[in-house]
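The structure appears right after this line, and notes come after that.
We count residues from 1, following the sequence as given. Atoms within each ligand, like the ligands themselves, are counted from 1 in listed order. Because only heavy atoms are used, hydrogens play no part in the values below, and waters and symmetry mates are left out as well, while side chains stay in. Note that the structure is a prediction, hence the values are computed from the model and not measured.
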Amino acid sequence: MAKKPTSTNRTTIPATAGKSDATHIKGSDPVAPLERAEAKPAAMASPKPRPLAEEKPATLQSEPASVTPRTPAPVAAPTAAKEVLKSPSQPDAAPAQPQSVHVVEPLPVGTHAPDEEPHQPRPNLFIVHITPEMAPVAKVGGLADVVFGLSQELAIRGNHVEIILPKYDNMRYDHIYNLHVDFQDLFVPWFDGTIHCTVYFGLVHDRKCFFIEPHSQDDYFNRGSIYGFQDDVMRFAFFSRAAMEFLWKANKHPDIIHCHDWQTALVPVYLYEFYQRIGMTHPRVCLTIHNYQHQGVIGGELLRATGLHDPQRYFDYNRLRDNHHQHALNLLKGGIVYANFVTTVSPRYAFETKDGGQGFGLEPTLHTHHIKYGGVVNGIDYGVWNPEVDGYIPTRYGIDSIDGKYDNKRALRDRLMLAHNEKPIVAFIGRLDPQKGLDLLRHAIFFALERGAQFVLLGSSPDQAINADFWGLKNMLNESQDCHLEIGFDEELSHLIYAGADMMLVPSRFEPCGLTQLIALRYGTIPVVRSVGGLADTVFDMDNSDLPLQERNGYVFENYDHPGLEYALGRAMACYSDHPDRYRELIKNAMRYDYSWNLPGQDYLNIYDFIREK
Ligand code: ADP
C-alpha cells in the first residue's frame with residue numbers, strides 16, 4: 001500500500017530514481033526492460049480525505065526571537081534506498097500496480113538523509129529548456145512563470161541556460177531585447193517534406209531565448225493566441241521536432257534538455273528515436289508535468305507527420321498508445337516513457353496522480369515508471385513577486401513594515417471603487433477553469449459578502465460560456481460597494497491585489513502546485529485553500545496542524561463542498577475581525593516562508609546531476 005506523503009514535504013524523489021534509466025537513451029531501448037517483468041492489475045483507490053483534527057484554535061504567542069524560516073530538506077537523490085522496485089511488464093493498458101511501491105518518506109524539516117553525501121562541487125551544466133510558454137513574453141499559466149524563474153536560478157548558479165520557444169505573433173515583444181536572426185535556414189522534416197524555419201535569438205530579462213518561426217501555409221504560431229486550435233497537437237509536435245532539429249543543426253549538445261507538459265513531451269521520443277541514432281548521444285531529458293488534465297491525444301496521422309514510421313512500434317501500450325483510446329496516441333505518455341526523469345510540481349500531486357486517481361488515465365504508466373518519478377514544489381521569482389521591491393504597488397513593505405500593506409489596501413479600494421471600511425478583503429486571482437473550483441468560488445463570494453467582507457476577483461477564461469457566467473455575476477453585484485469582479489488578464493492589477501487583499505482564496509478541485517498561494521504568502525495575504533496537490537504541501541492550517549504555531553500560515557479545508565469552504569473562510573474572517581493581534585502574527589508567519597527558487601533550483605540540479613551522462 002502506498003504511503004501518502006505528509007503535508008510538510010516539499011520534494012519526493014525516489015532514492016533510486018533515475019538510476020536504471022539514466023543510460024537508457026544511450027544505446028538501449030527505454031521500453032525494453034518493461035517488456036520482461038509482470039504486472040499486477042490493481043484497483044486505483046482514491047485517498048481518503050484527511051480529516052482535520054478538531055482542535056481548539058491555538059493562541060499565537062508573540063514571535064520567538066529565534067524563529068527561522070522553514071527550510072525543507074533539499075531533495076537528495078542518493079538517499080537511503082527505500083524504494084523497492086518491482087518491474088512491471090506487460091502493456092500498461094490495464095491498471096497495473098507494482099507489488100510494492102513506496103513513496104519516499106518525507107525528511108523532517110531542515111534535516112538531511114543520514115547517508116546523504118556531503119556537498120560536492122559539480123561541473124556547470126549546459127541546460128536547454130524547450131517550452132511552449134515563458135513569462136512574461138508568452139504566458140498562459142503557471143508553466144510560464146516556472147520556466148522564467150527556474151532558468152534564472154539555474155543561471156545564477158553558474159550553469160549555461162538556453163530556452164527554446166515558438167515565435168508567436170502575439171508575444172510581448174516589448175520584453176525581448178535585441179531580437180535578431182540566429183539561424184536563417186532550418187529545414188525541419190514534416191510529413192513527406194520539410195518546413196523551412198528561421199530561428200531568432202533575443203534576451204528576455206537576461207534569459208537567452210531562441211524563437212522558432214516556421215514558414216508554411218499552416219502558420220502554426222501566427223494565430224493571435226497560444227492555444228485553442230483544433231490542430232494544437234500537430235502544432236506542438238512540430239515545434240518539438242523543430243527544436244530538436246535546431247539543436248542538432250546548430251551543433252548544440254546540452255547536458256540536459258528540460259521539457260514541459262504534453263506540448264514538448266515528444267522531445268525525448270525524438271531524441272531517442274532519431275537524434276541519438278545519428279550521434280546526439282550526450283543529452284539526457286527531464287520532463288516536468290505541470291498538469292495532467294491535458295495530454296496531447298491524437299490519431300495515427302501524428303506518425304506520418306513526424307516520421308515515426310512504425311505504427312506497430314508506437315501503437316504499443318508500452319510506448320505512445322493512449323491507455324483508454326486504442327486508436328489514439330498520447331504525447332504525454334510518450335514523454336513519461338522516454339524521458340530519463342519525470343517530475344511534477346509538488347509531492348502531493350505526484351502522489352495524487354499516481355495513486356490518488358488524479359492521473360487522468362496515466363496512473364498505470366506512472367506505476368510502470370515510478371522509479372524515475374517525483375515531485376518538486378515550484379518556486380516563485382522574488383525579483384518579481386516581492387512587496388519590498390514591487391514597482392507595481394504604491395507602498396512597498398516587508399515583514400518589519402507590515403503597515404505598508406494597508407496603504408496598498410486603500411489604493412486597491414480606490415482603484416476598484418470599493419468602500420473604505422473595517423472589512424477584510426477576500427481575493428481570488430486565477431484562470432476561470434472548473435479545475436479552480438468555480439462553484440465554490442461563486443458560493444464564497446456570497447458567503448464573504450453576507451458575513452461582512454469585501455470580495456475582489458481577477459480572472460478570465462477562454463471558454464465564452466464561463467466568461468458569460470461571471471459577467472452575469474458581475475452585473476448582478478455591480479451596485480455593491482464591497483465587491484469587484486474584474487474579468488480579464490491584468491498582470492499589474494494582480495500585484496496590487498496580492499498586496500492589498502487580506503485573504504487569498506484557492507478552492508481548487510485539484511491543484512498541481514498553485515502559484516497564487518505562494519505569491520500571496522510573500523505579500524502577507526493569508527491563503528484560504530483546499531487541501532489538494534501543492535496547496536496541501538505549502539499551506540498549513542492555523543488551527544489544525546502538527547506544525548508549531550509560528551509555522552502555520554493559512555486556513556485549509558478538506559471536502560469540496562460549501563461547509564468545507566465556509567469552515568475555512570469563516571475562521572479566517574473571524575480571526576481577522578476578533579483577534580487582530582493573532583492575525584498580524586499569522587501575516588508574519590506567512591511572510592517568513594521561503595518559497596523562492598533557491599531550494600527547488602537545487603532540487604532540479606540534483607536531478608540533472610543524477611541523470612546526466614558522466
Ligand atoms: P495555473 O498554472 O493553473 O493557471 P497557477 O496558480 O500555477 O495556476 O499560476 C497562475 C499564475 O497566473 C499566477 O502568477 C497568477 O497570478 C497569474 N494569473 C492567473 N490569472 C490571472 C489574471 N486574470 N490576471 C493576471 N494574472 C493572472
What protein heavy atom lies closest to [atom]? Include the residue and the distance to one decimal.
{"atom": "atom 17 (C) of ligand 1", "value": "Lys139 NZ, 3.9 Å"}
{"atom": "atom 4 (O) of ligand 1", "value": "Arg431 NE, 2.7 Å"}
{"atom": "atom 24 (N) of ligand 1", "value": "Asp490 N, 3.1 Å"}
{"atom": "atom 2 (O) of ligand 1", "value": "Gly142 N, 2.6 Å"}
{"atom": "atom 6 (O) of ligand 1", "value": "Leu515 N, 2.8 Å"}

Check for me whether [X] has a heavy atom closer than 4.0 Å to any atom of ligand 1.
{"X": "Lys436", "result": "yes"}
{"X": "Gly488", "result": "yes"}
{"X": "Cys513", "result": "no"}
{"X": "Leu493", "result": "no"}
{"X": "His290", "result": "no"}

Would you say the ring centers of [X] and [Y] fall short of 6.0 Å from each other?
{"X": "Phe229", "Y": "Phe236", "result": "no"}
{"X": "Tyr604", "Y": "His258", "result": "yes"}
{"X": "Tyr220", "Y": "Phe238", "result": "yes"}

A student checking ligand 1 against Gly141 at a 4.0 Å heavy-atom cut-off should list atoms 2 (O), 4 (O)
Considering only heavy atoms of Ile519, which atoms of ligand 1 have at least one such atom less than 4.0 Å away?
14 (O)
With a 4.0 Å heavy-atom cut-off (strictly under), which part of Asp145 contacts ligand 1: side chain, backbone, both or neither?
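The answer is the side chain.
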Taking OH in Tyr177 as the centre, count heavy atoms belonging to other residues, nucleotides or ligands within less than 6.0 Å. Is the count above 12?
no
Would you check if there is a donor-acceptor pair between the side chains of Ser460 and Asn467 at a distance under 3.5 Å?
no
Options Gly430, Ser461, Ala135, ranked by nearest heavy atom to atom 20 (N) of ligand 1, top entry:
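It is Gly430 that holds the nearest heavy atom.
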Hey, looking at atom 18 (N) of ligand 1, which of Phe510, Tyr498, Phe489 has the closest heavy atom?
Phe489
At what distance, to the nearest 0.5 angstrom, does CG of Asp145 lie from CG of Asp381?
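The CG atom of Asp145 sits 8.5 Å away from the CG atom of Asp381.
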Flag this pair as yes if the NZ/CZ of Arg223 is under 6.0 angstrom from the six-membered ring centre of Phe221 and inside a 45 degree cone about the axis; otherwise no.
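No, Arg223 does not sit over the ring of Phe221.
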Scan for ring pair (Phe, Tyr, Trp, His ring centres under 6.0 Å) pairs involving residues 497-517, sequence neighbours excluded, and state none if there are none.
Phe360-Phe510, Trp385-Tyr498
Report the residues that fulfil side-chain contact (heavy atoms from CB on, under 4.5 Å) with Lys405, sequence neighbours left out, ordered by chain and then residue number.
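Tyr397, Thr525.
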Heteroatom distance test (Ile429, ligand 1): nitrogen or oxygen, under 3.5 angstrom
no
Strictly distance-based, threshold 3.5 Å: is any side-chain N or O of Thr344 a donor or acceptor partner for the main-chain N or O of His290?
no
